[in-house]
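Down below is the structure, laid out as structure tokens.
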Protein chains: 2
Amino acid sequence: MANTQSTKQEAPRRQTSARTPATRYAKGVARHGEILETAKRLFGEHGFRGTALRDIAAECGIAHSTLLHYFPTKQSLLMAVLAERDERARSESEHLERLDDILDFTRRIATTQGTDPGMIELTTKMMAEATDPAHPAHDFYKARSAQLVDNLTRLLEHAKQRGFLREGVDPRRASQGFFALRDGAQLQWLLDPASIDVPELLVWYQRSLFTEDDS
Amino acid sequence: MANTQSTKQEAPRRQTSARTPATRYAKGVARHGEILETAKRLFGEHGFRGTALRDIAAECGIAHSTLLHYFPTKQSLLMAVLAERDERARSESEHLERLDDILDFTRRIATTQGTDPGMIELTTKMMAEATDPAHPAHDFYKARSAQLVDNLTRLLEHAKQRGFLREGVDPRRASQGFFALRDGAQLQWLLDPASIDVPELLVWYQRSLFTEDDS
DNA sequence: CCTACCGATCGGTAGG
DNA sequence: CCTACCGATCGGTAGG
């Protein structure tokens with residue numbers, strides 16, 4: 001495992017029994033990431049309230065008090081998980097400035113399902129749990145949902161101006177409909193994965209919005 | 001409270017300090033219903049796992065052990081809540097045999113939102129919580145969702161044979177889409193009631209499925 | 001319908 | 001990174 005030392009390209013260090021600061025740091029970072037990944041998965045499977053810190057810690061092979069060394073409270077762990085998830089989503093939607101990508105936008109969101117089912121599971125279940133106003137992630141998802149709808153609405157408005165939208169399609173309503181369809185379909189998929197093809201359903205919805213000029 | 005005795009139409013009973021069996025029975029039934037209503041509301045607000053029996057009992061003015069006299073386990077209380085909710089929904093969809101009602105079907109489902117928001121809140125939140133396979137209501141919602149989709153699919157197939165559906169509308173996909181849209185919209189509505197008009201969104205979706213021959 | 005209690009579990013802390 | 005512990009809370013039971 002520590003074979004990276006075997007090259008000995010650097011000046012030899014003191015061979016004490018204590019690990020070097022660099023090693024300890026790297027190990028800490030790895031633990032940090034391991035906890036995050038495990039938390040992401042378990043929060044997705046059992047929800048935030050349904051997951052105990054002891055469960056996450058056990059899967060990482062540490063005591064739960066050790067986990068609290070990396071994340072001082074359970075809520076801080078949740079926020080870290082949401083921030084990581086959000087950062088990835090943000091970078092995805094960042095390069096959607098060009099209107100050419102609108103058709104591709106929903107398709108990309110749709111196919112994310114296959115890319116990282118764990119992320120989808122987390123997002124959907126946490127959002128559902130966060131409908132409780134007392135839930136620590138309530139404000140996060142409230143703001144996030146509004147932002148998503150607003151972004152897609154803006155894209156659809158531009159598309160409408162260029163004549164890409166079918167008659168009678170209201171940008172805001174269509175945007176709300178897209179995310180409602182996505183979240184509802186994912187809920188159904190979580191209940192019974194074999195019962196529904198989420199990407200296919202979303203692509204079908206998307207096609208019903210645009211005029212038939214995709215080559 | 002016990003004024004039903006004042007009519008004295010029956011033979012006079014012994015006037016002991018103990019209440020009559022009839023009175024006790026009526027009181028028990030009332031308690032039973034009171035607990036059910038309170039549980040429905042609190043499960044809707046905080047979910048099943050997020051609601052303690054002590055909270056429900058406290059709102060009914062009894063000890064939590066007294067609640068367990070009426071419902072021996074927490075899960076049995078949940079099942080009673082779901083059964084009552086399901087019975088009402090079943091009687092609603094019972095008289096949908098006639099195909100004339102299809103257009104009205106989704107509209108009825110849509111406007112239920114305004115009729116009993118508590119019921120909607122309960123259904124949506126419990127369904128979301130039940131995506132956890134370990135949740136006691138998992139099988140219930142899995143079966144229930146499939147049944148709803150199947151029922152609407154059948155109605156849409158009949159409508160399609162009669163030429164009521166737009167071209168390219170697949171009954172099954174449209175049915176899945178309807179319930180996905182409903183559940184996702186209700187999720188959004190729970191997060192922020194002011195952000196979305198669920199009935200309006202569902203009626204709009206419904207119109208996109210049928211040909212324009214509604215008077 | 002209550003008091004009193006059980007064992008289990010929770011998030012978090014102390015102290016090393 | 002651990003053991004040991006805290007106070008709080010949980011669903012459920014005993015016994016009246």
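Throughout, protein chains are lettered first and strands after them, A, B, ... in sequence-line order, and every chain is numbered starting at 1. Please read these numbers as outputs of a predicted model, since none were measured by experiment. What's counted below: heavy atoms across the whole structure, side chains too, no hydrogens, waters or symmetry copies.
- Of all nucleotides listed (D/dG12, C/dG12, D/dC2), D/dC2 comes nearest to the side chain of A/Ile62.
- Taking atom CZ on B/Phe71 and atom C1' on D/dT13, their separation rounds to 19 Å, with Å as the unit.
- Ring-plane geometry between A/Tyr205 and A/Phe178 is classed as tilted, the angle between the planes lying from 30 to 60 degrees on a 0 to 90 degree scale.
- Using a 4.0 Å heavy-atom criterion, one finds that B/Thr51 contacts the sugar-phosphate atoms exclusively.
- Between A/Leu67 atom CG and C/dT13 atom P there is a gap of 13 Å when expressed in whole angstrom units.
- The aromatic rings of A/Phe48 and A/Phe43 sit perpendicular to each other, their planes meeting at more than 60°, with 30° as the lower class boundary.
- Atoms CZ (A/Arg49) and C1' (D/dA8) sit 16 Å apart, rounded to a whole Å.
- The pairing partner recorded for C/dA8 is D/dT9, the criterion being a Watson-Crick or G-U wobble arrangement whose two distances lie under 3.5 angstrom.
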Test B/Asp150 against B/Arg172 for salt bridge (charged side-chain N to carboxylate O under 4.0 Å, His left out), laying out the working first. CA-CA 8 Å; B/Asp150 286 347; B/Arg172 179 148 205 92; 3.1 Å; yes

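- If you check every strand for non-hydrogen atoms under 4.0 Å, A/Leu68 touches a base.
- Rounded to a whole Å, the CG atom of B/Leu78 is 12 Å from the P atom of D/dG11.
- One can place CG of A/Leu53 at 4 Å from P of C/dG11, the figure rounded to the nearest angstrom.
- Closest to the side chain of B/Ala52, from the set D/dA14, C/dC1, D/dG11, is D/dG11.
- Looking at the side chain of B/Thr73, the nearest of the listed nucleotides D/dG12, C/dG12, D/dC10 is D/dG12.
- Straight-line distance from the NE2 atom of B/His64 to the P atom of C/dA4: 14 Å, rounded to whole Å.
- Across all strands shown, B/Gly50 has no heavy atoms under 4.0 Å from either base or sugar-phosphate atoms.
- Taking only side-chain nitrogens and oxygens, A/Arg31 comes nearer than 4.0 Å to OP1 or OP2 of D/dC1.
- Closest to the A/Thr66 side chain, of the nucleotides D/dC2, D/dG11, D/dT13, is D/dC2.
- Between A/Lys74 atom NZ and C/dC10 atom P the separation is 9 Å, expressed in whole Å.
- A straight line from CD1 of B/Ile56 to P of D/dG11 spans 8 Å, rounded to a whole angstrom.
- Remark: aromatic rings of B/His135 and B/Tyr141 are distant, center separation not under 6.0 Å.
- Salt bridge present: B/Arg49 and B/Asp132 bring a charged side-chain N and a carboxylate O closer than 4.0 Å.
- Proximity note for A/Tyr70 (side chain, C-beta onward) versus C/dC1, D/dC1, C/dG12: the nearest is D/dC1.
- The side chain of A/Arg54 approaches C/dG12 more closely than any other nucleotide in the set D/dC2, C/dG12, D/dG12.
- Side-chain N/O atoms of A/Ser65 include none lying less than 4.0 angstrom from OP1 or OP2 on D/dC2.
- Looking only at distances, no side-chain donor or acceptor of A/Lys40 sits under 3.5 Å from a matching main-chain atom of A/Leu82.
- Out of D/dA4, C/dC1, C/dA4, the shortest distance to the side chain of B/His69 is found at C/dC1.
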